[in-house]
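Data first, discussion second: the structure below is written as structure tokens.
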Amino acid sequence: MNLGKILIAEDDNDINHLISDVLTREGYTVTQAFSGTEAKLYWNSETFDLLLCDLMLPGMTGEELIAEITAKQAAPIIVISAKNTVMDKVELLKLGASDYMTKPFDIEELLARVEVQLRKAGTAPVEEKSLTWKGLSLSTDRYSAQYEGTEIRLTAREFGILQLLISNPSKVFTKENIFASVWGETEFIDENTVNVHMSNIRGKLGKVAPEQEFVETVWGIGFKMKN
């Protein structure tokens with residue numbers, strides 16, 4: 001999962017690569033710039049969620065880069081610098097930086113600060129909501145289904161039916177219940193509509209788990225998840 005796009009502006013090769021490797025391993029998409037001028041070109045040509053910025057950069061200083069960016073837009077910026085006086089930090093924060101870390105820094109603390117800034121900006125991912133049943137997993141945020149890692153391609157109606165059944169696996173849902181919940185219609189006309197969708201669901205589940213039965217027909221009533 002991509003957690004966000006981050007631009008690193010740092011002229012020290014070792015530090016730049018260390019930060020890049022760690023962020024990439026955590027799931028972020030990273031672009032590396034080794035001068036202020038290069039960072040400016042990247043920032044103006046792409047969309048980033050966060051800038052990690054050293055101050056003593058060749059071509060354009062970190063202060064100049066931050067001033068130019070914040071004059072046009074509000075952006076999460078974490079300064080990472082050897083400058084460590086209170087006045088340095090105050091001036092950078094006034095200039096528009098969101099946070100300030102002094103070198104040498106702890107990489108775990110940097111990761112925590114990155115996450116905090118992305119959360120404040122509204123770009124950090126929220127915890128994905130999912131429903132599971134006997135190896136079957138539904139992501140209710142992405143409307144995707146998997147069985148033990150194998151993707152199952154469902155239509156919106158099929159997904160809605162499975163979501164309804166798994167959300168209360170012990171309950172027997174009538175065809176009228178299913179139609180009202182998934183189709184959003186109060187007037188139930190054709191029970192064959194639900195039957196066809198249920199048949200399609202069983203067929204798709206059967207392809208990924210031929211020995212497993214997920215949905216049980218309760219004759220004369222409706223459907224439920226099979227225990």
Inset, instruction - Decide whether Leu57 and Trp43 are clustered together by the hydrophobic rule: side chain heavy atoms of Ile, Leu, Val, Met, Phe, Trp, Tyr closer than 4.5 Å, transitively. - result: no
Inset, instruction - Taking all heavy atoms of Leu95 and all of Ala67, pick out the closest pair and write down the distance. - result: CD1-CB, 3.9 Å
Inset, instruction - Indicate whether any N or O donor in one side chain lies under 3.5 Å from an N or O acceptor in the other, for Thr24 and Asp21. - result: no
Legend entry - ILVMFWY network linking Leu111 to Val30, side-chain heavy atoms under 4.5 angstrom: yes
Inset, instruction - Answer yes or no: is there an ion pair linking Lys83 with Glu63, defined by an N-O contact shorter than 4.0 Å? - result: yes
Inset, instruction - Ignoring hydrogens and angles, tell me if any N or O in the side chain of Ser20 forms a donor-acceptor pair with the backbone of Asn16 under 3.5 Å. - result: no
Inset, instruction - Could you grab the distance from atom OG of Ser35 to atom CG of Leu41, nearest 0.5 Å is fine? - result: 8.0 Å
Inset, instruction - With the side chain counted from C-beta on, respond yes when Leu165 and Met198 share a heavy-atom pair under 4.5 Å apart, and no when they do not. - result: yes
Inset, instruction - Determine whether Asp11 and Met56 make a side-chain contact, defined as any pair of heavy atoms from C-beta on separated by less than 4.5 Å. - result: no
Inset, instruction - State, to 0.1 Å, how close Gln146 and Glu151 come at their nearest heavy-atom pair, and which atoms those are. - result: CG-CA, 4.0 Å
Inset, instruction - Take Glu115 and Glu26, measure what side chain to side chain contact (heavy atoms under 4.5 Å, CB included) needs, and give me the verdict at the end. - result: CA-CA 11 Å; Glu115 185 177 341; Glu26 290 295 314; over 6 Å; no
Inset, instruction - Determine whether Thr85 and Val90 make a side-chain contact, defined as any pair of heavy atoms from C-beta on separated by less than 4.5 Å. - result: no
Legend entry - Separation of Lys175 NZ from Ile161 CD1 (nearest 0.5 Å): 11.5 Å
Inset, instruction - Could you grab the distance from atom OG of Ser130 to atom CG of Leu138, nearest 0.5 Å is fine? - result: 8.5 Å
Legend entry - Exercise: identify the closest heavy-atom pair between Ala82 and Thr102: O-CG2, 4.4 Å
Legend entry - Lys103 NZ: over 12 foreign heavy atoms closer than 6.0 Å: yes
Legend entry - Nearest heavy atoms of Ile78 and Met101, plus distance in Å: CG2-CG, 4.4 Å
Inset, instruction - Kindly work out whether a path of hydrophobic side-chain contacts (I/L/V/M/F/W/Y, heavy atoms less than 4.5 Å apart) joins Val215 to Phe179. - result: yes
Legend entry - Test item: Asp88 and Val79 side chains (from C-beta on) under 4.5 Å apart, heavy atoms: no
Inset, instruction - Indicate yes or no for a side-chain donor-acceptor contact from Ser98 to the backbone of Ile77 under 3.5 Å, with no hydrogens or angles considered. - result: yes
Legend entry - Interatomic distance, Thr31 atom OG1 to Glu38 atom CD [nearest 0.5 angstrom]: 9.5 Å
Inset, instruction - Determine the minimum heavy-atom distance between Pro76 and Leu50, stating which atoms define it. - result: O-CD1, 3.3 Å
Legend entry - Test item: Leu52 and Leu23 side chains (from C-beta on) under 4.5 Å apart, heavy atoms: yes
Inset, instruction - Check for a donor-acceptor pair, side chain of Ser199 on one end and backbone N or O of Asn195 on the other, with a separation under 3.5 Å. - result: no
Inset, instruction - Give a yes or no on whether Leu92 and Ile80 share a hydrophobic cluster (residues Ile, Leu, Val, Met, Phe, Trp, Tyr; joining criterion: side-chain heavy atoms under 4.5 Å apart). - result: no
Inset, instruction - Let me see the working for Thr29 and Phe48 under side chain to side chain contact (heavy atoms under 4.5 Å, CB included), right down to the final yes or no. - result: CA-CA 9 Å; Thr29 299; Phe48 293 95; over 6 Å; no
Inset, instruction - Would you indicate whether the side-chain heavy atoms of His17 and Gln32 approach each other to under 4.5 Å? - result: yes
Legend entry - Worked check of side chain to side chain contact (heavy atoms under 4.5 Å, CB included) between Leu65 and Leu51: CA-CA 10 Å; Leu65 176 63; Leu51 170 65; 4.2 Å; yes
Legend entry - Ile178 CD1 to Phe223 CZ distance, which is reported to the nearest 0.5 Å: 6.0 Å
Inset, instruction - To the nearest 0.5 angstrom, please state how far the NE2 atom of His197 sits from the CG atom of Leu162. - result: 12.0 Å
Inset, instruction - Return yes if some donor-acceptor pair links the side-chain N/O of Lys204 with the main-chain N/O of Arg153 below 3.5 Å, else return no. - result: yes
Inset, instruction - Name all residues meeting the side chain to side chain donor-acceptor pair (under 3.5 Å) criterion together with Lys224; count only those two or more places apart in sequence or in a different chain, and write none if there are none. - result: none
Legend entry - Residues, nucleotides or ligands: over 12 heavy atoms within 6.0 Å of Tyr42 OH: no
Legend entry - Side-chain heavy-atom pair Asp54, Asp12 within 4.5 angstrom cut-off: no
Inset, instruction - Kindly work out whether a path of hydrophobic side-chain contacts (I/L/V/M/F/W/Y, heavy atoms less than 4.5 Å apart) joins Ile6 to Tyr100. - result: no
Legend entry - Heavy-atom check, side chain of Val22 versus side chain of Arg25, under 4.5 Å: yes
Inset, instruction - Mind running side chain to side chain contact (heavy atoms under 4.5 Å, CB included) on Leu136 and Ile152 for me, showing each step along the way? - result: CA-CA 10 Å; Leu136 179 64; Ile152 307 166; 3.6 Å; yes
Legend entry - Mutual orientation of the aromatic rings belonging to Tyr147 and Phe214 [parallel < 30°, tilted 30-60°, perpendicular > 60°]: perpendicular
